[in-house]
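To start, the structure itself, in structure tokens.
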Amino acid sequence: MTNAIIVNNLKFNYGNQQVLQDVSFEVQPGKVVGLIGENGAGKTTLLRILLGLLKTNMKVSILGHRPGMSQSVASMFQGDLKLPGVKVGEILAEVAAQYPNPKAPQTVLKELNLSDLAHHYLNDLSGGQLRRVTFAMTLVSNASLIFLDEPTVGMDVNARQDFWINVDRMKNEGKTILITSHYLEEIQQTADQILILKDGKIEFDGTLNELQKQYLTTQISFETKRKGSIFRKLTQVQAIEQNGNKIKISSTNGDATLRDLVPYLEEIQHLNIIDASLENIFQTITRGEKNNAEDD
Amino acid sequence: MQKMIEQLKFDGKRLIFRNYGFVFFSLLMPTAFYILFTQINRVQIKTFSAEYMGSMMVYSILITAIMGVGNFMERDRNQGLITLLKITNRNLNHYYISICFWSLMMNIFTIVILGTTAILINHVDLSTMQWVTILGLVWLGQIPLLLLGIAISHVKRQETLTILGNLITFPVAILSGLWWPIQILPRWVQNIGNKLPTYFLNDMISSTVNNAKINWNDVQGLGVWIVGLVAVMTVGTIITRRKGRLARG
């Protein structure tokens, strides 16, 4: 079966500014992909190219077609859609009319607990309600490839929960979903594949397990009167930060580093050991944190 | 076809039936002006009341195109509707056809309201053929104004668009003699005014209500405006598309 998304050596410039550099990846049908990156990493530009909103002559295939040519692509984008004189039910009917095999708007509203909003005007809704309606529009399309651009921005806790339940439901229906986000934590439960974009380049393409194997670090922090530089020789130390007496060591193998730290135990206080969170991993990749110990 | 019908249903409600701005600025205000000015100028009522009905029709069409359609399309673009339609519909043909259709319907409403007012208050008496001709002229004359409305809807900020809309609508209305006869304006102002699309349309409607032949120069003038605006918009579209295209391929 052809992959749902194929991108080969994609480059894109806005004038002289290079936004995407040699971006290549593929997405299998039925997979959920998390596209993560900081502001300005190129996520939205990449998404706009995949949707056919920005033209490119590079090789990009969407469901076997050129971007913008497939009838089975939907997107939840970041527009406000505060259109005067338009009711929720009407915008959903408008979207449904554009797709060959849509879901009934009433059914989708019921699934998302939004039935009460059907006769409300769009410009009377709160920001969070609008985001949920925009998501409902994506569900109404019943498209087989769905792009969700920072979908949970502005949603409250319950709406987020409903959102992820519905993403899981779409995944079980065999839909291919690409979600852009600033937050790795948010998509870790659902994503089969993670793409990390940094400065217009794909820095990581793989599963969450692969990401953790490759980037998992243990943070060892303590206080000591010793110079930070002497801890550099410990096994598997990736980075050291020193702030006065406080030292934070990032290790790619916490057990090995701790074994080497034993001779210094009498000289250190407030020892604390934690495995790096996904947020730390994300920061390590996107900010390229290096050994920044201050030798004194 | 189903897509087109849905688009028409979707736009009809928001552009006309729930658009109080249109009802006030495009229907009530020109009608009120018409009643006010024709009642003041009772001396010339026989010819003036029919001609001024035409002027107010053109004024209403101008407001609808620049302040109404321009604003609507700017909002559709900035609020994400255009993006949504591009993603779902692949092209915007249905959207533009629908906007043009409802714009024509708005102008037909204008003809009905202003025509009925002119008949009831000033006893304007035109033949069926004259009314049909006015309808045809309005259809033709709205094209350059609509193109202008679509062109200015690409302005990014709502505030800028409002200022631009005012800067176009009111000077154009005055210069082309929609509020008072162009002959009372200084010669050099007349020379600008009689080259505007609203002047050509107003002059053609004026000829129609006076049972005179339509001036060929008016038709040519409108044609030049239409061709010119289409050319400008085509060049603008090409430049915009190129800006988003790859620099290196």
Side-chain angles (χ1 to χ4, degrees), chain A residues 9-21 45 47-58 65 67-71 73-87 90-91 93-100 102 121-123 130 134 137-138 140-141 143 147 149, chain B residues 1-24 68-69 71-95 98-99 102 106 156 158 237-249:
Chain A
N9 303 112
L10 176 65
K11 302 180 186 103
F12 194 87
N13 294 358
Y14 281 118
N16 293 327
Q17 187 195 352
Q18 192 159 24
V19 183
L20 298 174
Q21 309 173 44
T45 300
L47 202 65
R48 289 176 70 81
I49 291 171
L50 299 181
L51 285 166
L53 296 172
L54 284 174
K55 303 294 176 197
T56 166
N57 52 10
M58 294 291 177
H65 297 85
M69 300 307 287
S70 170
Q71 291 288 315
V73 175
S75 172
M76 179 183 176
F77 53 93
Q78 293 183 48
D80 288 337
L81 267 183
K82 275 189 174 274
L83 300 167
V86 179
K87 292 180 179 176
E90 291 166 357
I91 191 84
E94 164 82 352
V95 172
Q98 315 299 333
Y99 285 91
Y121 284 105
L122 289 174
N123 55 354
L130 268 171
T134 319
M137 287 156 59
T138 314
V140 161
S141 72
F147 294 95
D149 191 11
Chain B
M1 195 59 196
Q2 186 59 31
K3 283 183 185 181
M4 190 70 248
I5 292 168
E6 278 300 326
Q7 191 67 48
L8 286 168
K9 274 164 62 180
F10 180 74
D11 289 328
K13 287 177 192 165
R14 67 197 188 105
L15 276 168
I16 295 191
F17 302 110
R18 294 173 188 156
N19 183 359
Y20 305 116
F22 160 69
V23 174
F24 181 77
V69 173
N71 263 311
F72 249 92
M73 293 181 75
E74 182 271 343
R75 203 173 289 153
D76 287 352
R77 186 166 285 105
N78 286 339
Q79 296 293 327
L81 182 67
I82 300 284
T83 305
L84 173 73
L85 290 174
K86 275 185 183 168
I87 294 166
T88 58
N89 206 5
R90 316 303 152 217
N91 66 53
L92 297 173
N93 292 348
H94 291 159
Y95 171 77
S98 171
I99 293 285
W102 285 113
M106 288 156 119
K156 284 190 178 158
Q158 175 80 38
T237 307
I238 291 168
I239 291 170
T240 310
R241 281 190 182 159
R242 280 195 180 159
K243 271 187 183 172
R245 221 171 252 278
L246 278 194
R248 268 188 295 196

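We name chains A, B, ... by the order of the sequence lines, and we start the count at 1 in each one.
Within the 4.5 angstrom heavy-atom criterion, only side-chain atoms of A:V95, from C-beta onward, approach chain B. Proximity to chain B (any heavy atom under 4.5 Å) is shown, for A:F147, by neither the backbone nor the side chain. Both the backbone and the side chain of A:I91 come within contact range of chain B, each with at least one heavy atom under 4.5 Å from a heavy atom of that chain. Proximity to chain A is absent for every atom of B:N78, based on heavy atoms less than 4.5 angstrom apart. Residue contact with chain B, scored on non-hydrogen atoms closer than 4.5 Å, involves the backbone and the side chain of A:L81 alike.
Among the candidates A:P67, A:P84, A:G52, A:S141, the residue making the largest number of heavy-atom pairs closer than 4.5 Å to chain B is A:P84. Counting heavy-atom pairs closer than 4.5 Å to chain A, the top residue among B:K9, B:Q79, B:R75 is B:Q79. Interface check for chain B: of the options A:E94, A:K82, A:K87, the most heavy-atom pairs under 4.5 Å are formed by A:E94.
Taken to the nearest 0.5 Å, the CG atom of A:N9 stands 12.5 Å off from the CG atom of A:L20. Taking OG of B:S98 as the start and CD of B:E6 as the end, the distance is 11.0 Å to the nearest 0.5 Å. The CD1 atom of A:I49 lies 11.0 Å from the NZ atom of A:K55; values are rounded to the nearest 0.5 Å. Between the CD1 atom in B:I99 and the CZ atom in B:F72 there is a gap of 7.5 Å [rounded to 0.5 Å]. Taking CG of A:L130 as the start and CG of A:N123 as the end, the distance is 9.0 Å to the nearest 0.5 Å.
Residues of residues 11-19 of chain B that come within less than 4.5 angstrom of chain A, heavy atom to heavy atom, are B:K13, B:R14, B:R18 in numerical order.
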Verdict with reasoning, B:L8 to B:H94, per side chain to side chain contact (heavy atoms under 4.5 Å, CB included): CA-CA 8 Å; B:L8 286 168; B:H94 291 159; over 6 Å; no

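Closest heavy-atom contact between A:A143 and A:Y99: CB-CE2, 4.3 Å. Here the shortest heavy-atom pairing between A:E90 and A:G85 reads OE1-O, 4.0 Å. Summarising the geometry of A:M76 relative to A:T134, their closest heavy-atom pair is CG-CG2, 4.0 Å, with the distance given to 0.1 Å.
The backbone N or O of A:L83 sits nowhere less than 3.5 Å from a side-chain atom of A:Y121 that would complete a donor-acceptor pair.
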